[in-house]
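These figures come from a predicted structure and were not determined experimentally. We use all heavy atoms of the structure for the numbers below, so side chains are in, but hydrogens, waters and symmetry mates are not.
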Amino acid sequence: MAEVQIEVAEEAPSEVSAFAVAVFEGSLDDTGVSTDYLAARGFEGKVGQAVSVPGANGTGALVLVGLGPAGGTSRHDARRAGASLARAGRRHTTIAMRLDGPIGGDVELVTALAEGAHLAAYEFLTLKSDPKPGKLERIVLVAPGLDGDAVTRALAGTAAARWARDLVNTPGGDLTPAELARSVRDKLADTDLGVVIRKRREITDMGLGGLLGVNRGSSNPPRFIEVSYQPEGEPVATVALVGKGITFDSGGLSIKPGQGMMTMKSDMAGAAAVLATMTALPAVAPPVAVTAYVAATDNMLGGDATRPGDVLKIRNGKTIEVLNTDAEGRLVLADALSVASEATPDVIVDLATLTGACMVALGPKIAGLFTNDDELAGWLRASADHTGERIWPLPIPDDYRKMIDSTVADMKNIGGPHGGAITAALLLKEFVGDGIAWAHLDIAGPSFTDKDEAEITKGGTGFGVRLLLDLITRIGNERASSGDTAG
């Protein structure tokens with residue numbers, strides 16, 4: 001499908017190709033459609049179910065969308081319903097959905113439904129020789145009296161998540177570090193966001209030894225990308241976003257098996273998430289100053305690739321012994337966290353497809369949360385609950401720090417056979433400035449999927465974009481209400 005337009009209106013447009021109706025369980029008799037017909041198609045009004053009925057009652061096509069039991073619809077239910085609407089309606093060009101009663105009067109539910117539809121309508125067809133996109137172009141949510149501003153802001157977030165999916169889905173041979181930087185410049189050309197792209201010479205002058213060390217085996221030069229947003233007026237807080245930007249990960253000399261490389265174009269999903277988040281900030285307009293930092297390179301096996309046993313010096317002066325070149329993400333993140341810390345923001349959040357160990361612990365749909373600050377942990381979990389992007393807290397115990405002790409450097413880049421997600425987080429912690437609230441999200445699991453499910457589409461998921469936007473807005477609201485200002 002193309003970029004589907006979703007809007008809130010007082011009444012349905014004069015020309016539509018289908019109408020959609022929300023249906024609760026137990027109310028199929030009210031639809032005007034034969035219950036035998038619906039039963040034959042397995043439609044019961046459950047959340048996530050939808051069915052397209054051609055020529056229903058002589059009024060044109062009708063799409064029935066399940067909302068589950070009456071009176072208990074959650075944001076998550078509404079988001080799933082929106083996703084099922086988009087998928088069931090892909091044969092139609094324009095769908096009008098009237099939202100009456102408690103659904104239409106609840107801006108949270110209408111917003112979630114719009115989010116689900118926009119995300120589920122995503123398709124990545126750029127590389128198809130004969131693409132066959134769905135026909136759906138427009139969804140009009142008819143909700144009289146509803147203020148559509150919240151929906152507009154939310155759709156800025158879903159549009160950003162869709163762009164993050166585009167980046168992740170682009171092959172690593174196409175989306176090199178230089179091409180990623182160009183994509184950012186092009187995307188932000190008509191905005192007021194600040195963009196700084198640093199090439200190898202500047203990266204060398206900055207002392208980004210982790211980034212340069214990972215890049216040694218590649219013929220594609222690295223990039224260090226900074227994007228900044230300044231609100232109108234004095235910011236109430238400052239936030240730094242850091243994303244892992246490994247545009248393709250072969251494992252380096254510690255090479256991955258073939259199966260393990262098949263989805264490694266997605267190893268820059270953290271970078272995609274933080275960069276995409278920045279694109280939505282002008283529309284969301286939080287009273288928070290935000291800067292994103294991405295160290296971008298691929299991890300390859302060229303003749304001068306970093307060897308196991310090499311020692312890299314990071315921006316903040318600390319040294320890391322590289323014992324496994326496939327544990328490279330933490331090396332580039334160490335540099336980016338060091339640079340971010342120098343600006344002394346109130347909060348740093350990094351996102352990274354960092355460890356398979358986190359997937360072992362939490363499965364493929366939940367990100368691991370590591371943090372040094374309880375208030376930030378609370379904000380993140382509240383935001384995750386709100387957006388439906390699940391996270392779960394994991395510990396970073398000080399006594400585990402000895403697991404990454406090195407005899408020749410300040411630390412080594414891997415621990416022992418256990419607690420791999422924890423030891424990776426402990427290494428990152430070494431590069432966060434004192435007194436800065438920091439959180440690390442290990443998104444190795446939920447950043448990529450092999451199937452469509454609810455609002456998630458096969459391939460890159462855009463995980464973290466809406467979560468970060470909600471977090472930044474939440475921080476802004478909390479600080480503004482308390483009278484605090486940045487610093």
Side-chain angles (χ1 to χ4, degrees), residues 1-9 11-25 27-28 30-34 37-38 40-68 73 75-100 103-104 109-125 131-143 146 148 151-152 154-155 158-159 161-162 165 451-458:
M1 300 177 193
E3 181 73 23
V4 175
Q5 301 300 313
I6 300 178
E7 59 193 85
V8 176
E11 56 185 33
S14 57
E15 294 185 7
V16 299
S17 51
F19 288 91
V21 177
V23 181
F24 293 106
E25 286 185 70
S27 62
L28 300 188
D30 299 334
T31 65
V33 179
S34 164
Y37 177 92
L38 297 178
R41 282 151 183 78
F43 183 80
E44 302 174 19
K46 293 181 178 180
V47 175
Q49 292 183 334
V51 61
S52 181
V53 184
N57 296 332
T59 60
L62 181 68
V63 179
L64 302 182
V65 180
L67 278 176
T73 306
R75 279 185 56 87
H76 182 56
D77 294 337
R79 198 176 294 114
R80 289 178 63 196
S84 62
L85 167 65
R87 290 203 169 94
R90 70 188 313 272
R91 294 181 299 168
H92 310 291
T93 56
T94 301
I95 298 175
M97 184 175 190
R98 186 170 184 88
L99 297 170
D100 295 311
I103 302 298
L109 295 183
V110 174
T111 298
L113 193 147
E115 289 175 334
H118 200 209
L119 290 169
Y122 173 85
E123 290 180 306
F124 185 73
L125 302 174
K132 295 180 174 60
K135 296 179 180 180
L136 186 58
E137 298 174 355
R138 184 186 182 200
I139 297 175
V140 180
L141 303 177
V142 183
L146 187 82
V151 176
T152 300
L155 291 176
T158 53
R162 287 167 62 109
R165 291 178 179 181
K451 62 181 179 180
D452 294 341
E453 185 176 356
E455 72 272 19
I456 301 302
T457 56
K458 185 176 181 179

Quick check for you: to the nearest 0.5 Å, what is the distance between Thr158 atom OG1 and Ile6 atom CD1?
6.5 Å
Between the main-chain N or O of Tyr37 and the side-chain N or O of Ser34, is there a donor-acceptor pair closer than 3.5 Å?
yes
Minimal non-hydrogen separation, Ala96 against Val16, with atom names
CB-CG1, 3.8 Å
Interatomic distance, Leu109 atom CG to Arg75 atom CZ [nearest 0.5 angstrom]:
8.0 Å
What are the two closest non-hydrogen atoms of Leu136 and Ala86, and how far apart are they?
CD2-O, 3.9 Å
For the residue pair Leu85 and Ala20, what are the closest heavy atoms and their distance?
CD1-CB, 3.7 Å
Please find the pair of heavy atoms, one from Gly104 and one from Leu146, that lie closest to each other, and give the distance.
O-CD1, 3.5 Å
Look only at the side chain of Arg79 and the backbone of Ala454, and say whether a donor-acceptor pair between them is shorter than 3.5 Å.
no
Carefully, step by step, assess Phe43 and Val23 under the rule side-chain contact (heavy atoms from CB on, under 4.5 Å).
CA-CA 10 Å; Phe43 183 80; Val23 181; 4.1 Å; yes
Taking side chain to side chain contact (heavy atoms under 4.5 Å, CB included) as the criterion, tell me which of Leu141, Val151, Thr152, Leu155 meets it with Thr111.
Val151
Check against side-chain contact (heavy atoms from CB on, under 4.5 Å), His92 and Ser52
CA-CA 10 Å; His92 310 291; Ser52 181; 3.1 Å; yes
Could you tell me which residues satisfy salt bridge (charged side-chain N to carboxylate O under 4.0 Å, His left out) with Arg98, sequence neighbours excluded, listed by chain and number?
Asp100
What distance separates Met97 CE from Ile103 CD1, expressed to the nearest 0.5 Å?
8.5 Å
Residue pair Phe124 / Thr457, side-chain heavy-atom distance below 4.5 Å:
no
Rounded to the nearest 0.5 Å, how far apart are NZ of Lys46 and CD of Glu25?
6.0 Å
side-chain contact (heavy atoms from CB on, under 4.5 Å) between His118 and Glu455: does it pass, once the steps are laid out?
CA-CA 8 Å; His118 200 209; Glu455 72 272 19; over 6 Å; no
How long is the gap from CZ on Arg80 to CD on Glu453, to the nearest 0.5 Å?
8.0 Å
Check Gly134 against Arg90 and note the closest heavy-atom contact, atom names and distance.
N-NH2, 3.4 Å
Please assess Val21 against Thr31 for the test side-chain contact (heavy atoms from CB on, under 4.5 Å), listing each intermediate value before the final yes or no.
CA-CA 8 Å; Val21 177; Thr31 65; 5.7 Å; no
Minimal non-hydrogen separation, Ala121 against Arg162, with atom names:
C-NH1, 3.7 Å
Is a side-chain donor or acceptor of Ser17 paired with a backbone partner of Thr94 at a separation under 3.5 angstrom?
yes
Measuring from Ile95:CD1 to Leu62:CG, what's the distance to the nearest 0.5 Å?
10.5 Å
For residues His76 and Val47, determine if any side-chain heavy atom of one lies less than 4.5 Å from a side-chain heavy atom of the other.
no
